[in-house]
Structure formats: C-alpha cells, structure tokens
2 protein chains.
Amino acid sequence: MATIYQVSEAAGVSLATVSRVMNGNARVSERTRKKVEDAMASLGYQPNAIAQSLASNRTNSVGLLVSELHGSYFGDLMSTVEQVLKQNGKHVIITAGHVDEKREHEAIEFLKSRRCDALILHAEAVSDEYLKQLVDGNIPVVVINRKVDDLNDNCFVVDNEQGGYLATQAAINAGHKNIGYISGPLFKKDASDRLSGHKRALEEAGIKFEETSMFEGDFHESAGQEGMLHLQKHYPKFTALVCANDEMASGAMTAAREAGFDIPEQLSIVGFDNVLFSRYLYPKLTTINNPIHAMGEMAAYWVLQHVYNIKSPIPIEHLFVPEVINRDTLGNL
Amino acid sequence: MATIYQVSEAAGVSLATVSRVMNGNARVSERTRKKVEDAMASLGYQPNAIAQSLASNRTNSVGLLVSELHGSYFGDLMSTVEQVLKQNGKHVIITAGHVDEKREHEAIEFLKSRRCDALILHAEAVSDEYLKQLVDGNIPVVVINRKVDDLNDNCFVVDNEQGGYLATQAAINAGHKNIGYISGPLFKKDASDRLSGHKRALEEAGIKFEETSMFEGDFHESAGQEGMLHLQKHYPKFTALVCANDEMASGAMTAAREAGFDIPEQLSIVGFDNVLFSRYLYPKLTTINNPIHAMGEMAAYWVLQHVYNIKSPIPIEHLFVPEVINRDTLGNL
DNA sequence: CTGTTAGCGCTTTCAT
DNA sequence: ATGAAAGCGCTAACAG
C-alpha cells in the first residue's frame with residue numbers, strides 16, 4: 001500500500017502538498033496538483049482513512065444502532081439513513097443491540113471507540129440516564145423512536161399512543177365491538193403506548209377493556225400465531241384483531257386462515273408500522289403508518305446539519321404523526 | 001476523552017504498561033495491573049480504536065458488502081455474519097452496493113480504506129477481473145453467492161442451476177406440464193443459472209420451453225405481480241408458476257388471488273430462497289432452500305480461521321446444495 | 001516485570 | 001504556493 005510519503009517523493013513535493021491536493025481545501029498550483037495526481041494514479045494510492053481520522057479527529061462516519069439487522073422495520077431504517085448520508089459523502093457504521101442492555105451498551109461503546117462523528121440510535125434497552133449522559137458527552141447523538149425527557153431536541157418519535165388509538169378506532173368505526181389485541185412486549189415503551197391508545201379508543205366508545213382480549217407478544221411473526229390461538233381460546237367472540245405491528249398481524253393472518261377464518265369477512269385485522277411487505281400480504285393489510293422512513297431521513301438530516309454544517313433540505317421536526325392506511329383486512333360488521 | 005497518557009500518569013506507570021494491561025498479552029504484576037485498572041476506571045478511559053488500528057495495523061473489523069440493507073435475504077446474511085463474528089470479538093462494517101458497478105466499487109474501496117482485516121462480499125455488479133485483483137491484493141477476501149474462476153477457495157455458492165432444476169422438477173412431479181416462470185434479471189448469474197435449471201428440468205421431462213411462458217423480473221415483489229399479469233395474457237394455460245425468488249413469488253401470489261385464483265387448487269406456486277417470511281405467507285410457500293444462513297456462517301468462519309487464526313468449529317466447504325422445502329403452494333394436478 | 005523510544009500515515013500550524 | 005515539523009493515541013520492539 002502506497003503511503004502519502006511515497007506519493008510526495010514520486011511527485012517531488014512535500015507531504016503537506018499531497019495532503020492539500022487530497023483535501024482540496026487549500027490552494028495548490030495547477031502544475032503541482034497535476035504532478036501529484038499523476039503520482040497518486042501511477043502508485044494506485046489510496047488514502048488510509050484510519051490515519052486521516054486520527055490526525056484530523058474526523059471520521060466522516062456516523063454510527064447507527066438498530067435492534068436487529070434483519071426485519072423490514074430495521075431494513076427500512078438502515079436503508080434510509082444510509083442513503084441520505086451517503087449522498088453527502090458520509091458513511092454509516094451499523095451495529096445491532098438485540099434489545100439487550102449489555103449488548104446495546106457495548107454496541108454504543110464500539111461506535112464511540114471508532115470515533116464516529118455522530119450517533120443515530122434506535123436504543124430500546126439502555127437506560128434514559130445513560131442516554132442523557134451520552135448526549136451530554138462530546139459526541140452528537142440522536143435517538144429514534146424513543147422519547148427521553150429533557151432530550152426532546154435529540155429525539156425523533158412517532159406518537160405511538162395515537163397510533164394505537166387510531167387502529168382501534170378504525171375497527172370500532174367499522175362496527176366492531178369485540179376487539180382482540182396482540183401487543184408487543186410491554187416493557188418496551190412503544191408497545192405499552194400503543195396499548196394505551198387501544199384502551200383509550202375502547203373507553204371513548206364505551207367498550208370495556210377485558211384482560212382476556214389481549215395477548216402479549218414479542219413483535220415477531222410467531223407471536224401473531226400464538227396470539228391468535230390464545231384469543232380463540234380465551235376470547236372467542238372477537239370479530240376484529242388489532243396487532244401492535246405488521247409482523248404479528250401477518251402471523252395472526254396465517255393462523256386465522258389455517259383455522260378457517262375468511263379475512264376480512266369473518267375476522268378483521270389491523271396492523272401497525274406499514275412495513276413494506278404489508279401491501280404484499282393477501283388480503284393487503286390495513287395498518288397504521290409508522291413513518292420510520294421519514295424519521296430515519298430526519299435523523300440523518302439532523303446529523304448533517306448539526307455535525308457537518310450541511311443544511312437540511314427540509315425543516316427539522318421531532319414528532320411524527322401516525323395515520324391509518326386503509327387496505328383490505330378491515331371489514332364492516 | 002482521556003488518553004492512555006493520562007492513565008499512565010494517574011497510575012504512575014509508563015504508557016507501555018497501560019497498553020499491556022489493555023491488551024492482556026504480556027505479563028503484568030497484579031499490583032500494577034490493579035493500579036492501572038483503577039486509573040482507567042476513574043478516568044472513564046476508553047481506548048481509541050482508531051489509534052489502536054493505526055499503530056497495530058489491525059482493526060478487528062471485517063467489511064461486509066451486501067446489495068441492499070433491506071430485504072429478508074440480506075437481512076439474514078447480515079445477521080448471521082454479525083453474530084458469528086461478534087461472538088469472536090470482531091466487528092462488522094456493513095456497506096451496500098446497490099447492484100451498481102460504480103457503487104459496489106466505491107463501497108469496497110471504502111471498506112479497504114477503513115483497513116478492514118478482511119472482506120466478505122456479496123458483489124453482483126463488479127467484474128471478475130476486479131475481484132481477482134482484490135484477492136491477489138493484500139487483504140483477505142471471500143465472495144458469497146458468486147463463483148469466480150480461479151477463486152474457488154474464496155467463493156461460497158449455492159448451486160443455483162440445480163435449485164432451478166429442483167423447483168421445476170417438483171412442479172413436474174406434481175403433474176404440471178404448463179409451467180410459467182418468473183425469472184430474476186438475467187444479467188445476474190444466479191438468475192440465469194436458475195433459469196437454466198428450469199429449462200433442464202423441462203427438457204428432461206420432454207416439455208418444450210416456450211418463450212411466452214417466461215417473464216423477466218427484478219427479484220422484487222412488484223415484479224411478481226407484473227409477471228403474473230404478463231403470463232395471464234401471454235401464456236394463459238399455465239397451471240404452475242415457478243419464481244426465481246420468494247419475494248416475486250409473494251407478489252405473484254397476491255396478484256393471483258386478486259385475479260381470483262385459488263392457491264394451490266387452481267394455481268401452484270414455487271419460490272426460491274426460503275426466506276424467513278416464506279413460511280408466514282398464506283398458504284405457506286413451497287420453495288427452494290437457499291442456504292444463505294449457512295453460507296454467511298461459513299464465510300465468517302473462513303475469515304476467523306484465515307485471518308484471526310481462530311479455528312472454525314465446522315469444516316470449511318464452498319459449495320452448498322439447494323433443496324425443496326415442501327409446504328402448501330404446490331398442488332397435484 | 002517495566003520503561004524508553006520509534007514509528008503507524010496523515011493533518012495542520014507556522015514559516016518561508 | 002509550498003515545505004518543515006509537531007503531533008493525533010496507540011503498539012511494539014528493545015533495553016534493562
């Protein structure tokens with residue numbers, strides 16, 4: 001691997017000059033620039049980003065923490081963030097926290113140790129305290145899908161409670177009164193918020209919430225199947241099912257079909273997230289749009305603006321509103 | 001940010017000693033180790049990975065190139081690779097090439113510039129020549145899902161031709177004679193190999209391949225819908241449909257249902273990949289297992305063994321065999 | 001077992 | 001416009 005030193009020798013100039021043409025900031029005469037560029041080309045020179053980072057204290061990379069590397073939701077998030085950042089010459093270093101406090105912590109420390117210029121975190125397990133500390137530290141941090149008190153300027157969230165409300169309200173408006181609910185793991189804020197919204201909608205409509213009408217899942221497809229089975233047993237009168245995310249809705253749909261239910265004729269289903277595949281299910285899933293794409297984009301723009309002084313093309317906003325996406329799984333009773 | 005120098009001062013020892021306790025390789029007396037550890041703790045010291053890398057010429061990170069950051073296939077791959085590597089204390093730096101020669105090239109150069117200790121590439125657009133050069137260079141490289149001549153030891157592939165053959169053979173064995181085919185983009189080797197397998201199975205059964213029986217898609221769900229529409233128009237007699245991947249199969253299923261077909265009573269469908277969600281479709285998709293999980297695992301183990309001298313727990317193999325996963329979308333005629 | 005001392009490859013003043 | 005030189009924070013001989 002050729003180094004800057006060899007380039008400078010081949011070009012007959014100093015290290016500093018080579019560095020200048022690489023970075024294009026200081027002025028260099030046409031002639032020397034040409035000499036240097038030729039030397040770089042003929043040596044196949046490739047700057048060592050590690051050395052550049054150490055010397056400049058800039059890595060041009062931002063760390064992204066997600067919970068998992070698979071799944072539509074995180075796929076969308078990673079894709080979006082990468083796209084915006086790459087367009088602006090920045091790189092993304094992705095790590096997974098697996099919704100485990102220790103592993104999230106380690107992942108964040110890893111990103112810090114790589115001296116990322118900023119952090120975009122979808123952190124679910126780590127404490128508020130830790131996040132606050134992080135923000136107070138010397139590295140810019142934004143948090144996605146989690147509201148931390150006193151950190152509003154760094155948080156990008158969707159109103160999950162409202163989303164849960166809208167989902168159930170949609171079912172109620174379609175005439176349903178016995179509504180099953182498959183929630184996410186309730187230790188997660190988004191899951192419990194969505195459930196709160198569900199209860200609010202019920203209450204508003206004068207429907208009493210029954211414990212047996214609900215099943216706590218883990219946001220995975222298999223939990224949808226389990227939930228479906230559970231509800232058939234303990235709350236057989238339900239005519240509509242609201243699920244706290246699309247994966248579980250998909251699992252529930254499969255289980256329902258296997259149990260012989262026609263959807264939506266005999267059972268209505270509403271999801272949450274509006275993940276890409278939801279429109280490819282059959283019937284197409286009625287769901288709540290979770291603007292994860294917009295949030296990821298916004299987080300990336302925030303970083304560009306605050307860290308790299310690149311003006312965001314859109315105004316920075318922190319609260320995103322969910323909305324009902326009407327498709328084919330919610331039928332009128 | 002505390003540096004190693006401050007730690008050494010606080011502990012009253014030299015830089016070298018601090019470095020030693022960090023790396024735990026050379027022997028250090030219990031007492032000094034304790035002093036150093038205390039100093040590190042009280043200063044909240046965190047090693048600068050950038051500086052470590054520069055000095056040691058080791059980054060403990062391996063670069064992973066995928067085509068996209070979303071989608072089940074790449075999600076599986078990323079997850080698997082990360083898991084194996086992380087278990088062994090190595091980190092993964094993920095980049096996306098978007099099946100574009102220039103972008104793949106840039107992504108690889110980025111990984112090289114970050115001085116990854118090794119590269120795991122799912123490269124689709126870059127030339128064989130370039131890959132050979134890379135392997136001959138000074139950085140260990142493995143290639144996933146692509147066979148490059150003279151590079152067999154660095155390639156991990158599934159037999160796509162055989163997979164295509166098996167898919168169509170399964171349909172034939174179920175009594176189908178008029179079989180539609182939705183292929184991937186044929187400039188991709190895996191797509192054209194699968195199509196070759198399809199044709200071989202047809203030929204073997206004495207069925208003539210008709211141009212109108214096939215639609216070239218792009219591996220995305222929407223292409224499944226388009227393909228379905230196309231075939232209904234130009235090859236209406238088909239009773240079975242083989243798709244070159246599960247996403248397109250899913251799209252085709254949706255389109256078929258909308259067109260009023262019962263699956264598999266009126267139309268059988270076979271996919272390819274056995275991506276996670278394929279078992280959550282309704283009916284559950286009959287498909288060909290593409291051992292992407294196994295390949296990713298193997299690639300990671302190869303790297304551990306060849307780069308980090310960590311012995312692989314399983315023998316390294318390069319060719320993976322596809323197999324039929326019988327579920328519910330293939331019916332007997 | 002511990003300290004001294006060169007670098008790793010680059011950026012960035014400060015001169016010229 | 002260009003060069004000299006001092007680091008960035010750490011590792012790795014080499015001494016002792």
Side-chain angles (χ1 to χ4, degrees), chain A residues 1-40 43-61 109-110 112-117 138-139 308, chain B residues 1-40 43-61 109-110 112-117 138-139 308:
Chain A
M1 289 259 104
T3 72
I4 196 176
Y5 181 74
Q6 297 167 36
V7 174
S8 79
E9 239 183 357
V13 299
S14 73
L15 291 191
T17 303
V18 178
S19 174
R20 285 184 185 108
V21 349
M22 284 178 48
N23 295 297
N25 35 23
R27 352 191 96 286
V28 178
S29 82
E30 249 337 294
R31 262 193 61 238
T32 49
R33 145 166 290 113
K34 180 88 176 62
K35 278 196 300 189
V36 171
E37 278 167 350
D38 289 349
M40 297 205 295
L43 285 169
Y45 171 72
Q46 190 190 29
N48 182 327
I50 299 285
Q52 287 179 314
S53 298
L54 183 59
S56 67
N57 203 26
R58 259 294 166 81
T59 58
N60 283 316
S61 58
E109 295 302 316
F110 167 70
K112 281 173 63 186
S113 78
R114 303 303 301 186
R115 294 302 188 267
C116 290
D117 296 331
N138 38 22
I139 176 169
Y308 298 112
Chain B
M1 289 259 103
T3 72
I4 195 176
Y5 181 74
Q6 296 167 37
V7 174
S8 80
E9 238 183 358
V13 298
S14 73
L15 291 191
T17 302
V18 178
S19 175
R20 285 185 187 108
V21 348
M22 283 178 51
N23 296 298
N25 36 24
R27 349 191 99 287
V28 178
S29 80
E30 251 336 294
R31 264 194 58 237
T32 49
R33 145 165 292 114
K34 181 86 176 62
K35 277 196 301 190
V36 172
E37 278 167 351
D38 288 351
M40 297 204 296
L43 285 168
Y45 171 73
Q46 190 190 28
N48 182 328
I50 299 285
Q52 286 179 313
S53 298
L54 184 60
S56 67
N57 202 26
R58 258 296 166 82
T59 59
N60 283 317
S61 58
E109 295 302 316
F110 167 69
K112 282 173 64 185
S113 78
R114 304 302 300 185
R115 293 303 187 269
C116 290
D117 295 332
N138 38 22
I139 175 167
Y308 298 112

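Please read all numbers here as calculations on a predicted model, not as lab measurements. In what follows, chains are A, B, ... by sequence order, proteins preceding strands, each numbered from 1.
- Whole-Å rounding puts the Tyr5(B) OH to dG7(D) P distance at 12 Å.
- Between Ser19(A) and dC10(C) there is no side-chain polar atom (N or O) within less than 4.0 angstrom of OP1 or OP2.
- If you measure from atom CD1 of Ile50(A) to atom P of dC8(D), you get 18 Å, rounded to the nearest angstrom.
- Atom CD1 of Ile4(B) is separated from atom CD of Gln6(B) by 11.0 Å, given to the nearest 0.5 angstrom.
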Could you list all N or O pairs between the protein and nucleotides 1-4 of chain C that sit under 3.5 Å apart?
from: dT2(C); atom 1: OP1; to: Ser29(B); atom 2: OG; distance (Å): 2.9
from: dT2(C); atom 1: OP1; to: Thr32(B); atom 2: OG1; distance (Å): 3.1
from: dT2(C); atom 1: OP2; to: Ser29(B); atom 2: N; distance (Å): 2.8
from: dT2(C); atom 1: OP2; to: Thr32(B); atom 2: OG1; distance (Å): 2.8
from: dG3(C); atom 1: OP2; to: Ser14(B); atom 2: N; distance (Å): 3.0
from: dG3(C); atom 1: OP2; to: Ser14(B); atom 2: OG; distance (Å): 3.3
from: dG3(C); atom 1: OP2; to: Thr17(B); atom 2: OG1; distance (Å): 2.7
from: dG3(C); atom 1: N7; to: Arg20(B); atom 2: NH1; distance (Å): 3.2
from: dG3(C); atom 1: O6; to: Arg20(B); atom 2: NH2; distance (Å): 2.2

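- The Asn48(B) side chain lies nearest to dG9(D) when the options are dG9(D), dG9(C), dT11(D).
- Residue Thr3(A) holds its OG1 atom at 8.5 Å from CD of Glu9(A), rounded to the nearest 0.5 Å.
- Contact between the side-chain N/O atoms of Tyr45(A) and the OP1/OP2 oxygens of dC10(C) is found at a separation under 4.0 Å.
- In this structure, Gln52(B) atom CD and dT11(D) atom P are separated by 5 Å, rounded to whole Å.
- The OG1 atom of Thr32(B) lies 8.0 Å from the CD atom of Glu30(B); values are rounded to the nearest 0.5 Å.
- Distance check, rounded to the nearest 0.5 Å: CD1 of Ile50(A) to OG1 of Thr59(A) gives 9.5 Å.
- The side chain to side chain donor-acceptor pair (under 3.5 Å) pairs that include a residue from residues 46-57 of chain B are Glu109(A)-Gln46(B), where partners are two or more places apart or lie in different chains.
- Annotation: the span from Met22(A) atom CE to Thr17(A) atom OG1 amounts to 12.5 Å, rounded to 0.5 Å.
- In this structure, Arg115(A) atom CZ and dC10(D) atom P are separated by 7 Å, rounded to whole Å.
- Between atom CG of residue Asn60(B) and atom CZ of residue Arg114(A) there is a gap of 8.0 Å, rounded to the nearest 0.5 Å.
- Atom CE in Met1(A) sits about 15 Å away from atom C1' in dC10(C), given to the nearest Å.
- Counting to the nearest Å, the P atom of dG9(C) and the CD atom of Gln6(A) are 9 Å from each other.
- What separates CE of Met22(B) from P of dG9(D) is a distance of 13 Å, to the nearest Å.
- The CG-P distance, from Asn57(A) to dC8(D), rounds to 11 Å in whole Å.
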